[in-house]
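Atom set for the values below is all heavy atoms of this structure, side chains included, hydrogens, waters and symmetry mates excluded. Throughout, numbering of the chain's residues begins at 1 and tracks the sequence.
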Amino acid sequence: MKLFVSEGNPHCLKVLAALEETGVKCDVQYVSHEERVVPFISRPVLPALLPPTGPHLFSSNAICSYLFEVGGKDCSDLCNQWLEWETTELQPTLLQALHMAVVLEKGSEVSKVLQGPLNYLDQSLSKQNTAYLTGETLSVADIVMWAALYPILSGSSTILGERNSVKAWFERGAKLQSIQSAAQKVLQGKGLQGMKTFLQRQPNPQSKEIQTCTSSPAEAEESERVVSEEEMEAAALTWSKELQDWPLPEDRQHPILPQEDKKNILVTSALPYVNNVPHLGNIIGCVLSADVFSRYSRLRGWNVLFVCGTDEYGTATENKAIEEGLTPQEICDKYHAIHSAIYKWFQIDFDFFGRTTTEKQTVIAQDIFWRLHKNNFLLEDTVEQLRCENCQRFLADRFVEGICPHCAYPEARGDQCDKCGRLINAVELKEPQCKICRKTPIICSSKHLFLDLPKLEIQLEQWLDKSTSTGDWTANAKQITRSWLRDGLKPRCITRDLKWGTPVPHPDFKEKVFYVWFDAPIGYLSITANYTDKWEKWWKNPPQVELYNFMAKDNVPFHSVVFPCSLLGAQDNYTLVNHLVATEYLNYEDTKFSKSRGVGVFGDMAKETDIPCDVWRFYLLYVRPEGQDSSFSWADLATKNNSELLNNLGNFINRAGMFVTKFFEGCVPAMVLQQEDKKLLALVAWELQQYIQLMDKVKIRDSLKHILNISRHGNQYIQVNEPWKNIKAGDAERQRAGTVTGVSVNIACLLSVMLYPYMPTTSQTIRDQLNCPQSVIGTMLRGNGNFVCALGAGHRVGAVSPLFQKLEGDQIEALKKRFSGQQTTAQKVASSEAATAPAPAAEATAAAAADPERAKQLSQAVVEQGEKVRNLKAQKAEKALITAEVTLLLDLKKQLVLAEGKTPEPAPQKGKKK
């Protein structure tokens, strides 16, 4: 018996709870939300149960009833009535409430949505006065409804209110191990947010409440916010001030160096590996987040240097060179250009984008090495390493793959497991294989140099205490760093048996190079040195420079422990990180990005979608994984574009500009502020202050919501005051229309400045359309924020046009299919082999040359194609379609035999049997 479930699916919580409560033996398989496991249904349906006999069950309540029946617990008539009520009454309302709380982020509305079902449940329990729904013994109905309500009730004690009967009943169930265990498996300890990806993919539940409640939680809260007289007068006073003539962010004089009277900000983004193309998760985790903060910092008037570059040394590059038949330097040149082009298209505004394969890198890395050596922070030790006798080389980290000793992932690398994230010593791998020839390596000894981290631990602790308490370190950065220290630091190897890397200058280790994680962070220094000969003014100047490091969480320990220890041990007054900003992971739909499987959008593909760069930037920043992992979703991208950008932000800015053009001949009218206008100015000023406070703390995603709140305030202001009607009435009404139009167009001007870090092209377009003075960009975000009247009476605006376009459903579906990896490995292999398949006469020769890597790919393709054929037969598909897919399967099997170095057996002769 097999049970198919998916994480984040609330229906699966019920069946897992029932399974544990009954103790029925069953093979549980976790699959993605999109996987079709019921062959006779064309759409994905989960959970699904395949019993020992009979068809699949795919109703969660039916599965629960079946499990209880197998477990020897029959379902009474009353029990069936409760299950029917749960399906028809509770479940639709509950899905509305979940959508409200998780997708729309309106948790305060949940009590209202659930009021009817909870009242009925409370009255029923109170009337029958029993411990459980059907009497004094637990039934499947209790398990089903406990599990259904658990995600939303366990996270809030206020929803039940004074419903004491249902409260006592629910608390009884919430204590059960079966409910808690199922919730942990489905929600992954994330509470309601654990269901976000699943709920985002579901059709919007149709309800009056949801259709009319379209605002965000921030908007709901702030619309009720009481604005004091003092706030209104202060906002009106700021409004009346003049713009200041500050330097524009674009007017940077290179080289940028620290200044005595300025706040000097040095921003680095984790150096991307040169050997691959960055996907959306890489981009938001590092360069895009760093770019937003750098642009914002310039608007604040801070002196900013933003550097990055490609990390080009190490085994990953050697591997890629072998794979593509190029030299390591040619690989570096090729992919450095690819990275540069991608970041240019995404408008990443580096001051300098360099690379690590430079002479400056060698000089600086070797200088730090000798300082560590001189200060006795290096150790020599002999270590056991894997060596491939066939290739005659030691296999450093990524030249070897095997089974992870911690989680049994079959393709763990020799330095780290991609699945569980644990660091690995290559000799710990089970069933290791050389990645070049696929032979089994042997264990040999090799002498290496180690950084003595234990000796530096006290210095590191003292520095960390200061940096984490005074700087803005993300919670995950602190947690990951502390976990390393809690486990106790160990000496860490800094040399590798490779050719491609920064050479170790020590005569006893002249055949070795520096390990990439000792060498790569030094790239920040060498890249800056290639930008300016005065690089030490940034990197050896801790009193004057604040260093911000941006990265994904997997890079944290190297930036918070290993690299700082290298610089502390060098004792050369190096600038150490003050603010370590680490994101969680961005996933693609319900899975991981995979270039080989064609899953997900990679940097070089985004341009091909015809979706503007600014829309990509906006959405990635909207779902930026700040506190927990998040997912890219095509459906959600369309929703955010169409609702937030088109209907909210774009609608407001376009209406404000069009009113000036249509009603006032393109000139901003005179404005006479009333209390209502001053209240709006105060609300906008408060949102601006929140934006600044959050951005100062590098809360990039949260800050973005305040931009959208301002445009919502503006839309509501226009809607209430109806300038299109007042313009046709008397003088007083026309003056009112003029004030509303003038205030609105000035809010649009402010929004153009606040948008600049997020959507630079859109920001410029708005300023061009409104003909904003250049000085607005340097004024609005100074201090605590300055919402001044930048477009006074008589100011002439330019040509106004819509900023955004709607993303249509068919367009999104096509893109989703294109990047879903639905082109199977079988199809890719078959198409790539079509032109090169060996003729029958040459098959004997081809068989002699085995290709292990090709055989591995083909083996996977055969499995996938075989599964496809079986599904088509189970669905009773058309014979012609089945025949075509069977032909492809046979061809793949034939290619697999050749790739394995075997001679294919002759095809059977057609004819009558004898």
Side-chain angles (χ1 to χ4, degrees), residues 258 263-273 278 281-297 302 304-311 343 348-354 356 364 368 460 463-482 484 516-529 531 535 538-542 544-568 570 574-585 624-626 695-700:
K263 183 173 182 176
N264 299 297
I265 303 292
L266 176 56
V267 177
T268 70
S269 167
L271 307 182
Y273 278 134
N282 302 138
I283 290 168
I284 184 59
C286 301
V287 294
L288 180 53
S289 295
D291 178 65
V292 171
F293 185 72
S294 297
R295 289 175 180 271
Y296 167 78
S297 298
W302 302 337
V304 182
L305 179 66
F306 177 23
V307 296
C308 186
T310 43
D311 175 9
Y343 302 140
I348 309 300
D349 191 15
F350 301 115
D351 289 303
F352 188 73
F353 185 72
T356 57
I364 296 173
I368 292 173
L460 179 71
W463 165 74
L464 277 171
D465 286 342
K466 180 180 178 182
S467 183
T468 56
S469 61
T470 59
D472 292 313
W473 286 52
T474 51
N476 57 356
K478 292 180 182 178
Q479 180 184 353
I480 292 167
T481 303
R482 290 300 170 191
W484 267 55
V516 69
W517 271 115
F518 172 78
D519 186 59
I522 297 172
Y524 298 132
L525 284 61
S526 71
I527 288 168
T528 310
Y531 166 70
W535 65 275
W538 285 106
W539 285 103
K540 295 184 180 181
N541 191 5
Q544 278 195 317
V545 174
E546 286 189 51
L547 173 58
Y548 286 78
N549 286 163
F550 285 81
M551 68 201 66
K553 62 182 177 183
D554 56 336
N555 278 339
V556 166
F558 304 106
H559 287 79
S560 66
V561 176
V562 179
F563 185 44
C565 279
S566 298
L567 298 184
L568 286 168
Y574 277 107
T575 303
L576 301 180
V577 61
N578 303 94
H579 314 275
L580 203 157
V581 185
T583 61
E584 300 291 320
Y585 293 139
R624 182 175 184 262
E626 287 189 1
M695 284 292 273
D696 280 358
K697 295 290 185 181
V698 207
K699 300 293 185 182
I700 295 171

Grab the two heavy atoms, one from [X] and one from [Y], that are nearest each other, plus how far apart they are.
X      : Y      : value
Trp535 : Lys540 : CH2-CE, 4.2 Å
Ile700 : Phe550 : CD1-CE2, 4.5 Å
Val698 : Glu626 : O-OE2, 4.5 Å
Trp463 : Val577 : CZ2-O, 3.2 Å
Glu546 : Asn578 : CA-OD1, 3.3 Å
Pro557 : Asp554 : CD-O, 3.9 Å

- Look at the aromatic rings of Tyr548 and Phe293 and report parallel, tilted or perpendicular, splitting at 30° and 60°. tilted
In Å, rounded to the nearest 0.5 Å, how long is the span from [atom1] of [X] to [atom2] of [Y]?
X      : Y      : atom1 : atom2 : answer
Asp311 : Tyr273 : CG    : OH    : 6.0 Å
Leu580 : Asn549 : CG    : CG    : 5.5 Å
Leu305 : Ser297 : CG    : OG    : 12.0 Å
Lys553 : Thr583 : NZ    : OG1   : 8.5 Å
Asp465 : Thr470 : CG    : OG1   : 10.5 Å
Leu525 : Thr268 : CG    : OG1   : 10.0 Å

Which residues share a side-chain hydrogen bond (donor to acceptor under 3.5 Å, both in side chains) with [X], sequence neighbours left out:
X      : answer
Thr575 : none
Ser566 : none
Asn541 : Gln544
Trp539 : Thr528

Would you please name every residue forming a side-chain contact (heavy atoms from CB on, under 4.5 Å) with [X], sequence neighbours left out?
X      : answer
Val562 : Trp484, Arg492, Phe558
Thr481 : Leu464, Trp473, Leu485, Val556, Ser560, Val561
Cys286 : Ser269, Ala270

- List the steps and the verdict of side chain to side chain contact (heavy atoms under 4.5 Å, CB included) for Leu288 and Ile348. CA-CA 6 Å; Leu288 180 53; Ile348 309 300; 4.0 Å; yes
- Task: Could you list the residues that satisfy salt bridge (charged side-chain N to carboxylate O under 4.0 Å, His left out) with Lys699, not counting sequence neighbours?
- Result: none
- Message: The criterion is ring-ring contact (aromatic ring centres under 6.0 Å, His included); which residues satisfy it with Phe353, sequence neighbours excluded?
- Response: His336, Tyr343, Phe350
- Test ring-ring contact (aromatic ring centres under 6.0 Å, His included) applied to Tyr531 - qualifying residues, sequence neighbours left out: His254, Phe352
- Stepwise side chain to side chain contact (heavy atoms under 4.5 Å, CB included) check, Tyr524 with Ile364: CA-CA 11 Å; Tyr524 298 132; Ile364 296 173; over 6 Å; no
- Would you find a donor on one side and an acceptor on the other, under 3.5 Å apart, between the side chain of Thr356 and the backbone of Gly523? no
- Query: Do side-chain atoms of Ser289 reach the backbone of Ile284 as a donor and acceptor pair under 3.5 angstrom?
  - Reply: yes
- Would you list the pairs meeting salt bridge (charged side-chain N to carboxylate O under 4.0 Å, His left out) in which at least one residue belongs to residues 283-294, sequence neighbours left out? Asp291-Arg295, Asp291-Arg617
- Message: Filter on salt bridge (charged side-chain N to carboxylate O under 4.0 Å, His left out), then keep only pairs touching residues 469-481, sequence neighbours left out; what's left?
- Response: Asp472-Lys697
Do the non-hydrogen side-chain atoms of [X] and [Y] ever get within less than 4.5 Å of each other?
X      : Y      : value
Asp349 : Ser294 : no
Asn555 : Trp517 : yes
Tyr574 : Ile368 : yes
Leu271 : Ile527 : yes

- I would like to know whether Asp696 and Tyr296 meet side chain to side chain contact (heavy atoms under 4.5 Å, CB included); could you show each step before the answer? CA-CA 9 Å; Asp696 280 358; Tyr296 167 78; 2.6 Å; yes
